[in-house]
Colleague: 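Please read through the structure below; I'll follow up with questions.
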Amino acid sequence: MAKYKIEFDREICIGALACNAVAEKFWPRTEDGKVDLANASYNQETNKWELIIEEDDYAANKDAAESCPVDAIKITKIEGN
Ligand code: SF4
C-alpha cells in the first residue's frame, strides 16, 4: 500500500475553501476563515503542516490539492508502488 505525505502551507492559504468542499473530513474550516489539515503536525523547518495518509485517502486529497487556487497543498508519494 502506498503512503503519501501531504504538506499544507497555511501561510499562503487564502480561505477559498475549495479543499473543504471536496474533502471536508481532511480540511475542516476554522474560525479565521481558513482551514486546518486535520491531525497534521507542524514542521518548524519547512513551516508547513504535514500529514501522512494511506492510499485510500489519496484521491480525496488529490482533488483538494488540485482545487486549491494558490497551490497551498502538496502531496508526495513516500512509500509503495
Ligand atoms: S483551497 Fe487552498 S486556499 Fe482554499 S482553503 Fe483550501 S488550502 Fe486554503
Side-chain angles (χ1 to χ4, degrees):
M1 272 283 232
K3 286 189 196 252
Y4 299 84
K5 178 163 78 174
I6 304 175
E7 291 173 284
F8 172 40
D9 186 346
R10 200 172 193 279
E11 288 297 310
I12 66 168
C13 169
I14 55 169
L17 299 179
C19 56
N20 173 270
V22 297
E24 187 175 12
K25 182 175 99 173
F26 292 95
W27 301 96
R29 288 184 76 155
T30 53
E31 280 185 6
D32 64 359
K34 296 190 181 188
V35 292
D36 277 337
L37 173 54
N39 302 312
S41 319
Y42 190 68
N43 182 329
Q44 297 204 338
E45 285 176 18
T46 61
N47 296 322
K48 291 179 183 161
W49 290 88
E50 297 181 351
L51 179 70
I52 307 300
I53 56 166
E54 307 282 341
E55 182 89 50
D56 287 352
D57 294 328
Y58 175 65
N61 283 294
K62 180 169 174 282
D63 285 349
E66 287 175 354
S67 69
C68 177
V70 294
D71 284 339
I73 303 169
K74 296 260 180 335
I75 306 179
T76 320
K77 185 184 265 193
I78 55 169
E79 199 179 297
N81 297 315

Colleague: Can you tell me how far apart CZ (Arg29) and CD (Glu24) are? Round to the nearest 0.5 Å.
Modeller: 9.0 Å
Colleague: Side chains of Ile73 and Asn61, heavy atoms from C-beta outward: is any pair under 4.5 Å?
Modeller: no
Colleague: With rounding to the nearest 0.5 Å, note down the distance linking CD1 in Ile6 to CD1 in Ile53.
Modeller: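 Reported value, rounded in 0.5 Å steps: 4.0 Å.
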Colleague: How many angstroms lie between atom CD1 of Ile52 and atom OG1 of Thr76, to the nearest 0.5 angstrom?
Modeller: 9.0 Å
Colleague: How about Glu7: does its CD atom have over 12 heavy atoms from other parts shown lying under 6.0 Å from it?
Modeller: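 Counting other residues, nucleotides and ligands, CD of Glu7 exceeds 12 neighbours.
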Colleague: Within the structure provided, determine whether Tyr42 and Asn47 are in side-chain contact (heavy-atom separation under 4.5 Å).
Modeller: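 Answer yes - side chains close enough.
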Colleague: Do Trp49 and Tyr58 belong together in a cluster built from hydrophobic side chains that touch within less than 4.5 Å?
Modeller: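 Per the 4.5 Å side-chain linkage, Trp49 and Tyr58 are co-clustered.
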Colleague: So, taking the atom named CG in Asp56 and the one named CE in Met1, what distance separates them when rounded to the nearest 0.5 Å?
Modeller: 4.5 Å
Colleague: Do Glu54 and Lys3 have side-chain heavy atoms sitting under 4.5 Å apart?
Modeller: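 In short, these two side chains touch, coming nearer than 4.5 Å.
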Colleague: Using the ring of each side chain (for Trp, its six-membered ring), is Phe8 parallel, tilted or perpendicular to Trp27, with breaks at 30° and 60°?
Modeller: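 Rings of Phe8 and Trp27: perpendicular, as their planes differ by over 60°.
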Colleague: Which pair of heavy atoms, one from Ile75 and one from Lys62, lies closest together, and at what distance?
Modeller: CD1-N, 3.6 Å
Colleague: Tell me the closest heavy-atom pair linking Gly80 and Lys77, and the distance in Å.
Modeller: O-CD, 3.9 Å
Colleague: Locate the shortest heavy-atom distance separating Val22 from Ala60; write the atom from each residue and the value.
Modeller: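 Of all heavy-atom pairs spanning Val22 and Ala60, the closest is CG2-O, 4.3 Å.
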Colleague: Supply the atom-to-atom distance Asp71 CG to Ile12 CD1, rounded to the nearest 0.5 angstrom.
Modeller: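 Going from the CG atom of Asp71 to the CD1 atom of Ile12 covers 7.0 Å.
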Colleague: Can you list every salt bridge (Lys or Arg N to Asp or Glu O under 4.0 Å) pair that touches residues 32-46, not counting sequence neighbours?
Modeller: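 Output for this query lists Arg10-Asp32, Arg10-Asp36.
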Colleague: Which atom names give the shortest non-hydrogen contact between Leu17 and Gly33, and what distance separates them?
Modeller: CD2-O, 4.3 Å
Colleague: Taking all non-hydrogen atoms of both residues, which atom of Ala64 and which atom of Ser67 are closest, and how far apart?
Modeller: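 Heavy-atom minimum between the residues: O-OG, 2.8 Å.
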